[in-house]
Amino acid sequence: MSVTVLFLGPLRDLAGVPQAEYPAPLDWDGLLAAVSPAVAEQLREPRVHVACAGRVLSDKADLAAQDGEEVALLPPVSGG
Amino acid sequence: MSVTVLFLGPLRDLAGVPQAEYPAPLDWDGLLAAVSPAVAEQLREPRVHVACAGRVLSDKADLAAQDGEEVALLPPVSGG
Amino acid sequence: MARLTLETPADVRLLDSGISVGEALAAFNAAYPDAGGIATFLGKVRPDEDVRVLELTHYDPLTLPGMRELADKALTRWPLDGVLVWHRIGVMHPGEGIVLVAAAARHRRDAFHAVDFLMDYLKSAAWLWKREKRADGWHWIEPRAQDFADRNRWA
Amino acid sequence: MARLTLETPADVRLLDSGISVGEALAAFNAAYPDAGGIATFLGKVRPDEDVRVLELTHYDPLTLPGMRELADKALTRWPLDGVLVWHRIGVMHPGEGIVLVAAAARHRRDAFHAVDFLMDYLKSAAWLWKREKRADGWHWIEPRAQDFADRNRWA
């Protein structure tokens, strides 16, 4: 009964690990409580997005990850 | 003692020949008199340019071609 | 020589090895024999600024689908025959290609606009994270204000 | 394979046989290893509009020197590493390349602008005359009003 949380890009450095397992179900408050304070601070920034089960949430406070689902924490991107 | 006049692009069709020899020296009035009336009419159009000895004249009325020089009659271009 | 086969009208790829630019563009050209013009852009790792290597991370469930949506947007927005959107991931060195974009169209201005648009979005809206290794270690790169301004031209 | 050698910073050519696009762009890419980006445009004979063949005439003393001046203008106007300006002359068929333009620059927008500028001028200000053979015979082509409008953006 767990949710996999992925730390992408610079959040990986901040978290110190590429991913972590947290108990399911996992909502927005649960996520903020589970990650380190430094990561939680970043998560509150509007430019950091959250995806659940392969879909980017239009409002990350709506997070409701179920057992076996993957949550990705998406900091500002930089391609090209 | 002659000047070679080249008819470029559509002027070649209008002249019926790709080039002609006219007596040197050749000035603007001489050129208008030497070519066919249809070509002369085109030459008077501002969008038709004249080159002499490899240089485009900024004012074609300044034409003063000497023996052995080449005069090119340049209709509107279309590259690319 | 085996010819590279492209998907039409949109060939979208994430590549973990070098981009063969000449081969890609020859194949793209061959794929759109009816197009009046083909515009392309190749972005490369610049050897200045003390950059030793560059690494691009992606997120599988989002990155390629997002690039496909972007290609579809370009196809909807301009009358195009087709597009190519290739992006490198992984570790690359100065001089190597990072991104290759191409658009085939009847009219050149449509092809130019599409390539410009695709590049602006790849720079600031594709799910890719870039970091550079300099003499003093790794640095994460974020889009510059200019990148957002470029993208907002299309809004 | 013998590699095509390009003149830097401007390789300007009139070609009386087919343009090998892949080879040209691979060579251009290799010639500017320090550029951050390379923008290109390939213009082709469109197979629509009932065109059987297309013929481009030039005038030796003016055409290539004029294209060289144009390339120099682009190099002066934007911070570019180099440009390539190739134009076909003679008879060509639908699907064949007529013109290939490339610009290498540190920043992509400079490369885009340079290619756009070069194409606008080649279309309406290079000493080239184009005619098309259709079912009812040969037709001379003149620049459209749009071509002049495009060029005047750079004035």
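Sequence lines set the chain letters: A, B, ... in the order given, protein chains first and strands last, and positions in each chain run from 1. Atom set for the values below is all heavy atoms of this structure, side chains included, hydrogens, waters and symmetry mates excluded.
- Contact annotation for C:Ile141: both backbone and side-chain heavy atoms come within less than 4.5 Å of a heavy atom of chain A.
- Proximity to chain A is absent for every atom of C:Arg88, based on heavy atoms less than 4.5 angstrom apart.
- Within the 3.5 Å criterion, the main-chain N or O of C:Lys130 finds a donor-acceptor partner in the side chain of A:Ser78.
- Of the listed residues (C:Val99, C:Leu62, C:Ile98, C:Thr57), the one with the most heavy-atom contacts under 4.5 Å to chain A is C:Leu62.
- For the residue pair C:Trp138/A:Asp13, the side-chain donor-acceptor check at 3.5 Å is not satisfied.
- Interatomic distance, A:Leu74 CG to C:Tyr59 OH, rounded to the nearest 0.5 Å: 7.5 Å.
- A distance of 7.5 Å separates CG in A:Leu8 from OG1 in C:Thr63, rounded to the nearest 0.5 Å.
- In this structure, chain A has a heavy atom under 4.5 Å from the side chain of C:Trp140, while its backbone stays farther away.
- In A:Arg55, the CZ atom is not crowded: 12 or fewer heavy atoms of neighbouring residues, nucleotides or ligands sit closer than 6.0 Å.
- Nearest heavy atoms, C:Pro61 versus A:Gly54: CB-CA, 3.9 Å.
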